[in-house]
Amino acid sequence: SATALPSPPRQRTRTMSASTTWDATQTQEDFMRNDRVILVDAQDVVIGDASKKDAHKFLDGGATPTGMLHRAFSVFIFDADDRLL
């Protein structure tokens with residue numbers, strides 16, 4: 001007989017915008033300050049949000065991350081000449 005797989009843990013749902021619209025007039029500092037990330041706990045349950053800048057701060061002059069766990073992904077797009085766009 002087949003064994004049923006356990007159900008994934010239920011997560012609290014919360015509507016939030018994780019990002020702002022980027023435009024070419026922003027500096028990298030502006031982007032990091034204005035763009036948002038979704039904060040999660042160790043079980044990937046949404047617990048809040050923070051600016052990208054705050055989520056990536058380091059203590060002790062850059063040696064220790066502050067530990068703000070967040071959802072993230074990166075996309076790199078290259079053109080036909082292998083240039084990063």
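The figures that follow rest on heavy atoms only: side chains count, while hydrogens, waters and symmetry mates do not.
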Exercise. With the 4.5 Å side-chain cut-off for hydrophobic clustering, are F73 and L69 part of the same group?
Worked result: no
Problem set entry | Shared hydrophobic cluster for V75 and L84 (ILVMFWY, side-chain gaps under 4.5 Å) | no
Exercise. Do you know which two heavy atoms are closest between V37 and A55, and how far apart they sit?
Worked result: CG2-CB, 3.7 Å
For this session: Compare every heavy atom of A50 with every heavy atom of M68, then report the nearest pair and how far apart it is.
Result: CE-CB, 3.7 Å
Problem set entry | From I47 atom CD1 to L39 atom CG, the distance as rounded to the nearest 0.5 Å | 5.5 Å
Problem set entry | Residue pair Q26 / R33, side-chain heavy-atom distance below 4.5 Å | no
For this session: Evaluate the side-chain proximity of H70 to I38: yes if any heavy-atom separation is below 4.5 Å, no if none is.
Result: no
Exercise. Do side-chain atoms of N34 reach the backbone of D30 as a donor and acceptor pair under 3.5 angstrom?
Worked result: yes
Exercise. Is there a donor-acceptor contact under 3.5 Å from the side chain of D41 to the main chain of Q43?
Worked result: yes
